[in-house]
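Quick note: numbers below take in every heavy atom, side chains included, and nothing from hydrogens, waters or symmetry partners. Below, chains carry the letters A, B, ... as their sequence lines are ordered, and counting in each starts from 1.
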Protein chains: 2
Amino acid sequence: MGRESEIRHNAPTPPYRQLAALLAARIRAGEWEPDTPIPSEPQLVGDYGVARNTVRKAIALLVEEGLVFVVPHRGTFVKP
Amino acid sequence: MGRESEIRHNAPTPPYRQLAALLAARIRAGEWEPDTPIPSEPQLVGDYGVARNTVRKAIALLVEEGLVFVVPHRGTFVKP
DNA sequence: TTTCATTTGTACGTATGTATT
DNA sequence: TAATACATACGTACAAATGAA
């Protein structure tokens, strides 16, 4: 909660990159254990006040970076 | 033109994958020379009767396959 | 077994921004 | 000044798979 204020819609960095950076920081801070899920897409939509497409783009970046992996219909998990 | 009938919206393979396969076949058939652009996104939208996001997903697959490369604000070109 | 909520996958519509020609 | 083209982001809707009740 309260996280919607962390995204700046008029910043040079687009929201999906901001969100990816914010989630990467939380992952690296150890907020979630390896092999445990990060919040679902609808939850992230509500928490950060962005569209689901934006959430999915951010998660796609995290997958590219090797920070998480997606299990279809199950969730997005922190990589061990 | 007339290509919209080549996409089946209720087939098991999603439209964006169908479109990627269709374009890949046209590229491999030599329909466009290397370093020349394939049709624009709006053109493909009209030709195949799919949404722009779908066209962009198909093109993203072609980029992954190494068949084309995108030059921002210029177009999508066949790889040499 | 059936039902149901949850979650990701896919698709489309629309709008705005920015760069090139 | 347009017209063109890609980048981003908002929204909506439904499908499909999973797992629990």
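Residue B/Gln43 contributes atom CD, which lies 11 Å from atom P of D/dT4 at whole-angstrom precision. Remark: P of D/dC10 and OH of A/Tyr48 are 14 Å apart, rounded to the nearest angstrom. The distance from atom CD1 of A/Ile7 to atom P of D/dT8 is 15 Å, rounded to the nearest whole Å. Taking atom CG of A/Asn10 as the reference point, atom P of D/dT8 lies 16 Å away to the nearest angstrom. Atom NZ in B/Lys57 sits about 15 Å away from atom P in C/dT8, given to the nearest Å. For B/Leu61 and C/dT10, the CG to C1' distance is 13 Å, given to the nearest whole Å. Atom CD in A/Gln18 sits about 15 Å away from atom C1' in D/dA7, given to the nearest Å. The CG atom of B/Leu44 sits 16 Å away from the P atom of D/dT4 (whole-angstrom rounding).
The distance from atom CD1 of B/Ile38 to atom CG of B/Leu44, rounded to the nearest 0.5 Å, is 5.5 Å. Atoms CZ and OG1, on A/Arg56 and A/Thr54 in that order, are 11.5 Å from each other to the nearest 0.5 Å. Atom-to-atom distance recorded for B/Leu61:CG and B/Leu67:CG is 10.5 Å, nearest 0.5 angstrom.
With sequence neighbours excluded, the residues forming a side-chain contact (heavy atoms from CB on, under 4.5 Å) with A/Thr36 are A/Trp32, A/Glu33, listed by chain and number. Under the salt bridge (Lys or Arg N to Asp or Glu O under 4.0 Å) criterion, A/Arg74 pairs with no residue at all, not counting sequence neighbours.
Within the 4.5 Å cutoff, no side-chain heavy atoms of A/Lys79 are placed close to those of A/Val68.
Annotation: of the two residues near DNA chain D, A/Arg17 and A/Val45, the 5′-most nearest-nucleotide partner is A/Arg17.
In this model, the phosphate group of D/dC6 is approached by a side-chain N or O of B/Thr76 to a distance below 4.0 Å at OP1 or OP2. Under 4.0 angstrom from either OP1 or OP2 of C/dT10 there lies at least one side-chain N or O belonging to B/Tyr16.
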For residues 15-28 of chain A, which side-chain N or O atoms pair as donor and acceptor with protein atoms under 3.5 Å away, sequence neighbours left out?
from: A/Gln18; atom 1: OE1; to: A/Arg8; atom 2: N; distance (Å): 2.9
from: A/Gln18; atom 1: NE2; to: A/Arg8; atom 2: O; distance (Å): 2.8
from: A/Gln18; atom 1: NE2; to: A/Thr13; atom 2: O; distance (Å): 2.7
from: A/Arg26; atom 1: NE; to: A/Glu31; atom 2: OE1; distance (Å): 3.1
from: A/Arg26; atom 1: NE; to: A/Glu31; atom 2: OE2; distance (Å): 3.1
from: A/Arg26; atom 1: NH1; to: A/Tyr48; atom 2: OH; distance (Å): 2.8
from: A/Arg26; atom 1: NH2; to: A/Glu31; atom 2: OE2; distance (Å): 2.5

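The minimum heavy-atom distance linking B/Val45 with B/Ala51 is given by the pair CG2-C, 4.0 Å.
Identified under the ring pair (Phe, Tyr, Trp, His ring centres under 6.0 Å) test for residues 59-80 of chain A, with sequence neighbours left out: A/Phe69-A/Phe77.
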**Request:** Go along nucleotides 12-21 of chain C 5' to 3' and tag each nucleotide: B for a protein heavy atom under 4.0 Å from its base, S when only backbone or sugar atoms are that close, - otherwise.
**Result:** BB-B--BSSS
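The stretch residues 25-42 of chain A has no heavy atom under 4.0 Å from DNA chain D, so no residue of it qualifies as close.
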